[in-house]
Amino acid sequence: MAVGRFYITTPIYYVNDAPHMGTSYTTVNADALARWHRLIGDETKFLTGTDEHGMKIAETAEKHGVSPQAWTDATSARFEEAWATLNISQDDFIRTTQARHYETVGTFLTKIYENGYIRKDTYRGLYCVGCEDYYTQDQLVDGKCPSHNRELVEMEEDNYFFELSKFEDRLLEWFEANPAAIQPASKRNEALSFIKGGLKDVSITRTSISWGIPVPWDEGHVFYVWYDALINYLTAIGYGRDEAEVEKWWPHVHHLIGKEIIRFHCVWWPAMCMAAGIDPPAHVFVHGWLLVGGKKLSKSMAADESAPVKLTDITPASLVEQFGVDPVRYYLLRNTPLGTDGDFSIEGITERYNADLANNLGNLVARLATVIGSKSGGRSPEPSETSELKDRAAEAVAQARDAWERFAPQEGLEATWRLIGAVNSALEVAEPWKAEPSPEVDAVLGSALEALRIITVLIWPAMPDTAQAIWGRIGLDGSPTDGGLDAQVLWGSAPQARVVTKGDPLFPRRKD
RNA sequence: GGGGCUGUAGCUCAGUCGGUUAGAGCAAGGGACUCAUAAUCCCUCGGUCGUGGGUUCGAGCCCCACCGGCCCUACCA
């Protein structure tokens, strides 16, 4: 059950890459979860942002003839725009180039340094001048740099190392004591077996680059990009600046991440927290990847039709333009359970759109409005206390609540769509369009409308615009979130005799 | 190469602790209906649970091998 407070984060996205459907997947899921928790009345903090340091950024900026800061200002803005397009409701958008982040990173890592978990050492390795980075022997292809195919040179550099190896036992204990800290279980096992395989200390600073956060106790060094990035979750709650805020939100955080960064979030990050003397994050939820199964996307989506289509080639804006924001959100949330890999295709989204949105939900809104218009004078009739739909609605609410609590938007929406099916089915049985206006007909239509009202509340976290639109059509003021879920899902709690209007189809059926 | 996750109906996915006849939605076929966006409702079809072994009274589930997909291997949700 809700603890009354909900802090959820996405990873911060690296600004060298444009926002695409992969990053959108994470962000939309986090947004819907945040919205659900706001709906049930939790004090909610939803954090996303951009990761802006590192050599690649500096290089790219130079190539464009601008300063790294100017470059990241421009690219970070693209993420904010993309999230606006997807109706993302973040409470805070963090950038690692902000002063507050420099401050928190300095405080946090100094703490680890003082606690004795950071040591200076000389890093010797094979260095690729093209990449300006080190490689290990087993990363090489034919003894050469995998991306530049050139010979590597033996080099050495003074680095600070985080003594990750000292945390093996403590991490294992933490995993043991907190079986639900990393979900799903399959991903937890993955992290666990990585730890059991033995941990090596990690190099966390560079002297060869300057676009990063300087090491407070040794000015010639900057922190390596991943080490400052993870700390953003603390920056946003004022670590080192506002202890009351930290108390309030930490460690009860929910990190939503993709499976490729398990290691950083489930091994490094908890160890870093331990080293700094704070509790590790309470919950890391790892989702899978959306895969494009070899099906060809339309020309407007892919730059080159002959090339294999990658998810990262699809921009949120192009999809939203084609389908609308809520259908895109719905598809991402509904089609694949969080935690396993899923399939992404234009055929898939079209199918969901037509079946779930146009035929089931959209058509229900339309048919109900029409029949209420002809049989109940266009005013919302009173729902029946003995309607079967009352029980079905309560059931859907309970199932949705349970599902969202478990980070399972897919199941929450499934439960909601079962209720939509029940309303369509109930109308079919009663056939109110055949009868003369009567109290019995009113009871049928009033109950169906009341169920639709509850459906509207339940879809709000996934499709806020659509929920608001239906809310208006069924004659209600304000928003489906007013007063919170418990109040809104009370059967018969809405004002009666409201004006119900039909309007244009919410989701016109698609022919493609 | 090494470490790991995964494979269930044409498609997308459930399947608890090993326990009767493996479920849902979509798609397909049939019927009903005509309020509604050719929508809706009811019924039906559809599975050698990747392959081959093993453990067990009993395996989709546990063990081994192999095959395919994917992630990590120190910058990709």
Side-chain angles (χ1 to χ4, degrees), chain A residues 10-14 16-17 19-30 48 51 53-57 131 133-139 164 184 186-187 189-194 196-198 200 202-204 224-227 229 256-264 268 286-291 293 295 311-312 334-337 339-345 347-348 351-352 354-375 410-411 414 417-418 421 423-434 445 502 504-510:
Chain A
T10 71
I12 48 175
Y13 305 111
Y14 203 53
N16 217 35
D17 207 359
H20 51 68
M21 289 317 297
T23 42
S24 300
Y25 179 59
T26 312
T27 310
V28 165
N29 272 284
T48 188
D51 184 9
H53 290 301
M55 203 182 46
K56 272 200 176 176
I57 305 294
C131 304
D133 204 1
Y134 289 95
Y135 285 91
T136 56
Q137 200 60 246
D138 52 358
Q139 286 176 299
L164 184 64
S186 61
K187 299 296 191 287
N189 291 338
E190 206 171 320
L192 201 49
S193 55
F194 176 71
K196 285 177 177 165
K200 280 185 275 184
V202 254
S203 156
I204 62 170
Y224 184 55
V225 59
W226 260 106
Y227 261 70
L256 183 64
I257 65 162
K259 64 178 180 179
E260 78 291 349
I261 50 176
I262 285 181
R263 197 157 295 189
F264 301 111
W268 289 14
V286 184
H287 68 69
W289 273 30
L290 258 27
L291 307 171
K295 286 172 190 159
L311 193 65
T312 49
R334 170 56 215 271
N335 206 52
T336 306
T340 59
D341 286 352
D343 193 70
F344 180 95
S345 68
E347 291 87 341
E351 234 173 72
R352 283 284 173 208
N354 279 337
D356 296 0
L357 301 181
N359 296 354
N360 294 344
L361 177 59
N363 183 56
L364 174 60
V365 172
R367 71 192 302 208
L368 202 46
T370 300
V371 186
I372 286 174
S374 63
K375 303 296 177 183
Q410 189 215 25
E411 290 181 51
E414 243 172 50
W417 255 256
R418 273 195 294 276
V423 179
N424 272 323
S425 179
L427 287 175
E428 216 60 41
V429 171
E431 299 185 306
W433 45 86
K434 281 186 175 174
L445 294 174
K502 187 180 175 189
D504 293 333
L506 282 168
F507 303 103
R509 228 185 118 76
R510 300 184 65 95

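The chains referred to below are lettered A, B, ... by the order of the sequence lines, with proteins before strands, and numbering in each begins at 1. Predicted model only: the values in this text are computed from it and were never measured.
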Apply side chain to side chain donor-acceptor pair (under 3.5 Å) to A/Lys375 and list each qualifying residue two or more places apart in sequence or on a separate chain.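 Checked A/Lys375 against side chain to side chain donor-acceptor pair (under 3.5 Å); zero matches.
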A/Glu411: partners by side chain to side chain donor-acceptor pair (under 3.5 Å), with sequence neighbours left out: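 If we apply the side chain to side chain donor-acceptor pair (under 3.5 Å) test to A/Glu411, skipping adjacent residues, the hits are A/Arg406.
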Does the distance from a Lys or Arg side-chain N to an Asp or Glu carboxylate O, for A/Glu414 and A/Arg334, drop under 4.0 Å?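 The answer is yes: the pair qualifies as a salt bridge.
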Under 3.5 Å, which protein N or O atoms sit close to an N or O of nucleotides 43-47 of chain B? Give each pair with its distance.
none

What I'd like to find out is whether the side chain of A/Phe344 reaches to under 4.5 Å of the side chain of A/Asn335, using heavy atoms alone. no
Heavy-atom distance under 4.5 Å between the side chains of A/Thr10 and A/Leu256, does that happen here?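 They are not in contact (no side-chain heavy atoms under 4.5 Å apart), so the answer is no.
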Span that lies between the [atom1] atom of [M] and that of [N], in whole angstrom:
{"N": "B/U21", "M": "B/C5", "atom1": "C1'", "value": "32 Å"}
{"N": "B/C63", "M": "B/C42", "atom1": "C1'", "value": "46 Å"}
{"N": "B/C72", "M": "B/A59", "atom1": "C1'", "value": "31 Å"}

Mutual orientation of the aromatic rings belonging to A/Trp226 and A/Phe264 [parallel < 30°, tilted 30-60°, perpendicular > 60°]: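 Ring orientation, 0 to 90° scale: parallel.
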Do any N or O atoms of the protein come closer than 3.5 Å to N or O atoms of nucleotides 62-67 of chain B, and which pairs are they?
none

Which atom names give the shortest non-hydrogen contact between A/His287 and A/Thr26, and what distance separates them?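 For A/His287 versus A/Thr26, the nearest heavy atoms are NE2-OG1, 2.9 Å.
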Could you tell me which non-hydrogen atom of A/Trp289 sits nearest to which non-hydrogen atom of A/Asp341, and how far apart they are?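 Shortest heavy-atom contact: N-OD1, 2.7 Å.
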Identified pairing partner of B/A59, criterion: Watson-Crick or G-U wobble below 3.5 Å: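 Pair assignment: B/A59 / none.
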B/G25 -> Watson-Crick or G-U wobble partner, both distances under 3.5 Å, gives B/C11
Output one letter per nucleotide in nucleotides 22-35 of chain B: B when a protein non-hydrogen atom lies under 4.0 Å from the base, S when only the sugar-phosphate is that close, - when neither is. ----S------SSB
So if I define the base as every atom that isn't primed, P, OP1 or OP2, how would nucleotides 3-9 of chain B read as a B/S/- string at a heavy-atom cutoff under 4.0 Å? -SSS---
Measure NZ/A/Lys200 against P/B/C72 and give the value in whole Å, please.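 Rounded to whole Å, this separation is 17 Å.
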